[in-house]
Structure formats: structure tokens, C-alpha cells
Amino acid sequence: MTNRLALTQKPHVAAQPLLGLNTDELTSLALSHGQPALRGAQLAKWLYTRPVTSFTAMTDISKAFAAELAAVYTLGRSTVAVSQPSQDGSVKMLLQLHDGQRVETVGLPYEDRTSCCVSSQVGCPVRCAFCATGRSGYTRNLTPGEIVDQVLTVQNALRERLGPDQRVSNIVFMGMGEPLLNYDNVLKATHLLNKEVGIAMEKMTVSTVGYVPSIRKLAQDNPRVTLAVSLHAPNDMLRRRLIPTMQQWTVQEIAAAAGDYAAVTNRRVTFEYCLLRGENDSLECAEELARLMNGVFAHVNLIPYNTVEGLGYYAPLPEQVYAFKETLERAGVHVTQRVQRGADIDAACGQLRRRQEHPA
Ligand code: SAH
Ligand code: SF4
């Protein structure tokens with residue numbers, strides 16, 4: 001009697017999400033359910049290229065198998081808690097995960113591409129002094145499926161708004177969290193986005209605060225993604241003030257690791273420099289930054305700070321941004337400046353969630 005009970009009463013286990021599995025893993029799963037191998041590719045299609053929101057919507061899968069799957073698995077999709085379309089076409093979303101946690105993601109349509117800015121963690125343990133995400137604490141890493149879900153959700157929102165041809169073509173890991181502190185999941189997400197969703201590796205950018213061992217590991221693994229390093233300061237004293245938890249590596253060591261990444265992968269690195277008024281926007285800083293970059297296959301991307309209320313940091317004056325840029329250019333540094341998009345929808349990292357949690 002006890003034995004029969006043990007056989008018929010399944011232990012209570014949380015349903016597993018399918019999103020996050022690649023075609024090979026889905027094929028093994030189908031085989032383990034007594035299905036033919038081709039079901040793996042069919043499931044991958046319904047998850048990644050023609051995403052559906054229920055098992056029953058998978059029209060080439062039998063009702064019986066769909067019911068079997070639904071009993072054990074979830075699709076692994078988030079729900080949209082807040083969706084804020086901007087006048088400039090971008091859309092910022094706050095997504096609710098299975099455990100109630102919320103992360104931000106942004107869709108940015110341009111003339112020649114559509115970018116999705118994804119989060120890699122719930123919150124961020126690095127706690128940069130000027131960053132809304134950093135100041136909100138850290139909860140957990142995101143899974144590969146939760147990262148891919150953001151792209152699919154943004155793509156769907158853009159299609160509903162702008163038409164069925166909308167397709168996310170570029171990925172930037174510049175949402176909440178430090179991607180290189182969630183290395184394995186981020187790497188698996190890039191492979192899923194490449195192989196299952198169809199986005200080129202070369203069109204993905206991983207932005208890091210400068211976690212040196214993982215920059216070196218990424219150079220070794222070389223998934224052919226672009227590396228962006230958030231430097232924000234040309235010397236250690238200033239960098240420690242802005243990023244107090246990252247004292248292990250000097251700016252010289254970070255620049256050297258980035259330089260090696262460029263040399264090993266033959267891909268130009270981006271140094272991100274968030275300009276904060278009166279903190280790191282002096283022309284002396286620009287000159288020091290130019291010296292640091294000397295000989296590195298890189299360019300500087302200047303990001304005028306998007307002021308977050310209550311943190312004590314402010315956007316730079318436009319004339320200072322101009323002078324900073326000119327000083328770098330005169331020293332032979334290649335410089336770009338981030339165009340501000342979605343300012344009306346709190347598009348900077350962590351701002352939407354912060355506003356939802358601490359309404360003004
Ligand atoms: N943790 C990673 C990626 C997420 S942050 C990193 O730090 O690189 C992505 C970029 O946005 C970083 O360069 C970060 O410094 C910048 N950023 C954060 N808050 C900002 C704000 N309020 N205004 C402008 N840029 C901001
Ligand atoms: Fe984390 Fe990046 Fe924000 Fe710093 S800027 S707290 S590393 S998300």
C-alpha cells in the first residue's frame with residue numbers, strides 16, 4: 001500500500017520553466033516523454049521564434065502532450081507589471097518574475113536597428129553611488145530564460161505598437177545588474193539569443209563595471225560579443241568614491257584587461273564614462289583619461305548622467321560635455337556620446353523600478 005502511494009503521489013516540486021532550454025535540451029526532454037526528436041525543434045519554435053503564451057497554442061503538438069507538459073513545466077514567461085511607451089518610440093517595461101521580483105528592460109527602435117537593453121540581475125551588488133539600481137540593493141541573479149524573456153517581451157510590445165516587422169536586432173546588457181557577476185547565465189543567454197532567437201553575437205554588448213577576472217575569462221571564451229567597460233574615472237581616488245565596493249583593481253589594471261580583450265578578440269572595446277557634474281567632468285579628468293587610453297584599441301562613450309532624485313549626483317552642463325569631448329578628441333581619442341532616449345520614461349538603469357517603489 002505504501003509503495004503504491006509512493007508511485008501514484010508525485011512529490012510537490014515547483015514547475016520547471018522551458019524558456020532557457022536550447023533545441024538540444026528540448027529534444028532530450030521530448031524523447032524522455034516518449035515523443036519523437038523533432039518535437040524539440042517544434043517546442044523551440046513556440047518558445048523563441050513564434051512565442052506563444054500557453055501550451056495549448058502550440059498547434060503542431062498534440063493535446064495530450066501539451067497537457068503532459070503543462071502538468072510539469074511552465075513556459076517561463078514573465079508578466080508585464082508596467083509598460084511605459086515613450087514619445088520617441090522606445091518602450092520601458094517593468095517585468096514581474098515567477099517569484100514576484102521585478103526587473104527593467106527597454107526597447108529602443110532606431111532607424112537602422114532595434115536594441116533591447118536587458119537586466120542580468122535583480123538589483124546589483126556593486127552599489128555604484130550614482131546608480132538607482134545599485135542603491136536599491138541586490139536580490140538574485142537572473143536565469144538565462146529570464147534574460148531571453150525580456151527580449152521576447154520587448155519585441156512583442158514593439159510589434160503591437162509599431163507593426164509586425166519589428167525585430168530586436170541588438171542586445172545591450174546595460175539594464176539592472178552586473179552581467180559579469182552572473183557570468184554563466186549571461187553567456188548561456190547570449191547563445192540562446194544567437195542560436196534560438198537569431199540575433200548575431202556581434203550585435204550583443206556586455207557592459208561591465210570592470211570585474212577583471214571575468215573580463216579575462218570572456219576573452220578566453222570569446223563568444224564574439226562587444227565588451228563595454230564602465231570606467232567613469234581616470235584615477236583610483238575618484239573611481240573609489242563613485243564605486244566604493246570595487247577596490248580590488250586599479251584603473252590601470254582594468255584598462256589593461258580591456259586592452260587584452262581587444263587584442264585577443266580583435267574587437268574594439270568601449271569605455272563608458274558617465275559624466276557627473278563637478279565630480280568627474282573636469283578637463284583634467286579628460287586629459288588623464290586620454291593618457292590612460294593611450295595604445296588601447298578602444299573608444300570612449302560619454303554618457304551624460306540622467307539625474308536620479310535623492311542620490312546627490314547631477315547631470316553635467318551641456319557646455320562641459322562638449323568641452324570634455326573636445327579635449328579627448330584633441331588627444332586623438334575616438335569618442336561617441338550616448339544620445340539620450342526615453343528620458344520621459346525614466347529610461348536610465350533602475351529608475352523605473354525605483355520610482356514605482358518610492359513614488360515622489
Ligand atoms: N553593471 C553594468 C551594466 C549596467 S549599468 C555596468 O555598470 O556597466 C549600464 C551603464 O549605465 C553603466 O555605464 C552605468 O554606469 C550607467 N548608468 C547607471 N545609472 C545611470 C544614470 N542614472 N545615468 C546615466 N548612466 C547611468
Ligand atoms: Fe551595478 Fe552597473 Fe549600477 Fe554599478 S552602474 S550599481 S555595476 S548596475
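Here the structure is a predicted model, which is why all the values come from computation and not from measurement. Hydrogens, waters and symmetry mates play no part in the numbers below; they use all other heavy atoms, side chains included.
At distances below 3.5 Å, not a single donor-acceptor pair connects side-chain atoms of Ser214 with backbone N or O atoms of Tyr211. Within the 3.5 Å criterion, the main-chain N or O of Gly278 finds a donor-acceptor partner in the side chain of Asp281. Side-chain N or O atoms of Tyr138 include one that pairs as donor or acceptor with a backbone N or O of Asn141 at under 3.5 Å. Remark: side-chain polar atoms of Lys188 are paired, donor with acceptor, to backbone N or O of Gly20 under 3.5 angstrom. A donor-acceptor contact shorter than 3.5 Å links the side chain of Ser28 to the backbone of Asp24. In this structure, Ser119 contributes its side chain and Gln121 its backbone to no donor-acceptor pair below 3.5 Å. When atom types are taken as modelled, the side chain of Asn185 and the backbone of Leu142 share a donor-acceptor pair closer than 3.5 angstrom. With hydrogens and angles disregarded, a donor-acceptor distance shorter than 3.5 Å links the side chain of Arg239 to the backbone of Leu231.
Checked against a 6.0 Å centroid threshold, the rings of Trp46 and Phe55 do not count as neighbours.
Looking only at side-chain heavy atoms (C-beta outward), Ile199 and Asn170 stay at 4.5 Å or farther from each other. When side chains are defined from C-beta on, Glu202 does not count as touching Val225, because their heavy atoms never get closer than 4.5 Å. Inter-residue side-chain proximity for Val229 and Ile254 is flagged as met; some heavy-atom pair is nearer than 4.5 Å. At a threshold of 4.5 Å between non-hydrogen side-chain atoms, the residues Thr245 and Pro125 do not count as touching. Residues Arg77 and Thr153 meet the side-chain proximity criterion, which asks for heavy atoms closer than 4.5 Å. You'll find the side chain of Glu279 stays beyond 4.5 Å of the side chain of His232, heavy atoms only. Within the 4.5 Å cutoff, the side chain of Arg50 has no heavy atoms near those of the Met58 side chain. The side-chain heavy atoms of Lys63 and Thr56, taken from C-beta on, include no pair separated by under 4.5 Å.
Expressed to the nearest 0.5 Å, how far CZ of Phe173 lies from CD of Gln150 amounts to 8.5 Å. Separation of atoms NZ (Lys203) and SG (Cys116) is listed at 15.5 Å; rounding is to 0.5 Å. Between Leu187 atom CG and Leu218 atom CG the span is 7.0 Å, to the nearest 0.5 Å. In this structure, NZ on Lys195 lies 9.0 Å from CG on Leu192, to the nearest 0.5 angstrom. With rounding to the nearest 0.5 angstrom, the CG atom of Asn194 is 6.5 Å from the CZ atom of Arg224. In this structure, CG on Leu26 lies 5.5 Å from CG on Leu43, to the nearest 0.5 angstrom.
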**Study point:** Verdict with supporting geometry, Val106 and Val91, side-chain contact (heavy atoms from CB on, under 4.5 Å)
**Key:** CA-CA 6 Å; Val106 188; Val91 60; over 6 Å; no
Practice item. Begin with the C-alpha distance, continue with both residues' side-chain angles, and end with the deciding distance and a verdict on side-chain contact (heavy atoms from CB on, under 4.5 Å) for Phe324 and Leu302. Key: CA-CA 9 Å; Phe324 196 95; Leu302 294 176; 3.7 Å; yes
Practice item. Go through Gln16 and Thr74 one step at a time and tell me if the side-chain hydrogen bond (donor to acceptor under 3.5 Å, both in side chains) criterion holds. Key: CA-CA 6 Å; Gln16 293 293 305; Thr74 63; over 6 Å; no
Point to revise | Chi angles and distances behind the side-chain contact (heavy atoms from CB on, under 4.5 Å) call for Glu196, Asn22 | key: CA-CA 7 Å; Glu196 309 295 342; Asn22 60 31; 3.3 Å; yes
Practice item. Under the side-chain contact (heavy atoms from CB on, under 4.5 Å) rule, what do Tyr48 and Val148 come out as? Steps first, then yes or no, please. Key: CA-CA 9 Å; Tyr48 299 108; Val148 174; 3.9 Å; yes
**Study point:** Worked check of side-chain hydrogen bond (donor to acceptor under 3.5 Å, both in side chains) between Asn222 and Thr265
**Key:** CA-CA 7 Å; Asn222 193 6; Thr265 63; 5.1 Å; no
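At a cut-off of 3.5 Å, with distance as the only test, no side-chain donor of Thr114 or Arg167 sits close to an acceptor on the other residue. Counted by atom type alone, Thr270 and Asn301 present zero donor-acceptor pairs between their side chains at under 3.5 Å. Residues Arg159 and Gln166 have side chains that never bring a donor and an acceptor to within less than 3.5 angstrom of each other. For the residue pair Tyr305 / Asn280, no side-chain donor-acceptor distance below 3.5 Å is found, with atom types taken as modelled.
Under the 4.5 Å side-chain heavy-atom criterion for Ile, Leu, Val, Met, Phe, Trp and Tyr, Ile303 and Val251 are members of distinct hydrophobic clusters. Both Val80 and Val103 are members of a single hydrophobic cluster when ILVMFWY side chains are connected at heavy-atom separations under 4.5 Å. Side-chain heavy atoms closer than 4.5 Å link hydrophobic residues (I, L, V, M, F, W, Y) into clusters, and following such links, possibly through other members, connects Leu47 to Tyr73. Residue Val154 is grouped with residue Leu97 when hydrophobic side chains (ILVMFWY) are merged at heavy-atom distances under 4.5 angstrom, including chains of intermediate members. Val52 is connected to Val168 through a chain of hydrophobic side-chain contacts under 4.5 Å among Ile, Leu, Val, Met, Phe, Trp and Tyr, so both are in one cluster.
The two atoms that bring Cys124 and Gly177 nearest to each other are CB-CA, 3.8 Å, heavy atoms only. Smallest separation of non-hydrogen atoms from Arg267 and Thr226: NH2-OG1, 3.3 Å. Tyr110 approaches Ser115 most closely through the heavy-atom pair CE1-CB, 4.1 Å. Residue Ala37 comes nearest to Leu31 through the heavy atom pair N-CD2, 3.8 Å, listed as atom of the first residue, atom of the second, then distance. Shown here for Leu162 and Pro109, the closest heavy-atom pair between the two residues is CD1-CG, 3.9 Å. Gly175 approaches Cys117 most closely through the heavy-atom pair N-SG, 3.4 Å.
Taking a 6.0 Å sphere around NZ of Lys45, one finds it holds more than 12 heavy atoms contributed by other residues, nucleotides or ligands. A 6.0 Å sphere centred on CG of Asp60 holds more than 12 heavy atoms belonging to other residues, nucleotides or ligands. By the 6.0 Å contact criterion, CZ on Arg277 is enclosed, its count of non-hydrogen atoms from other residues, nucleotides or ligands being greater than 12.
Residues that satisfy the side-chain contact (heavy atoms from CB on, under 4.5 Å) test with Gln35, not counting sequence neighbours, are Ala30, His33, Arg39, Phe65. For Thr250, the side-chain contact (heavy atoms from CB on, under 4.5 Å) partners two or more places apart in sequence, or in a different chain, are Asp236, Gln252, Glu253. Legend: residues meeting side-chain contact (heavy atoms from CB on, under 4.5 Å) with Thr143, ordered by chain and number and at least two apart, are Glu146.
Comment: Asp221 engages Lys217 in a salt bridge, judged by a side-chain N to carboxylate O separation of less than 4.0 angstrom. Taking the charged nitrogens against the carboxylate oxygens, Asp99 and Arg140 do have a contact shorter than 4.0 Å, which makes a salt bridge.
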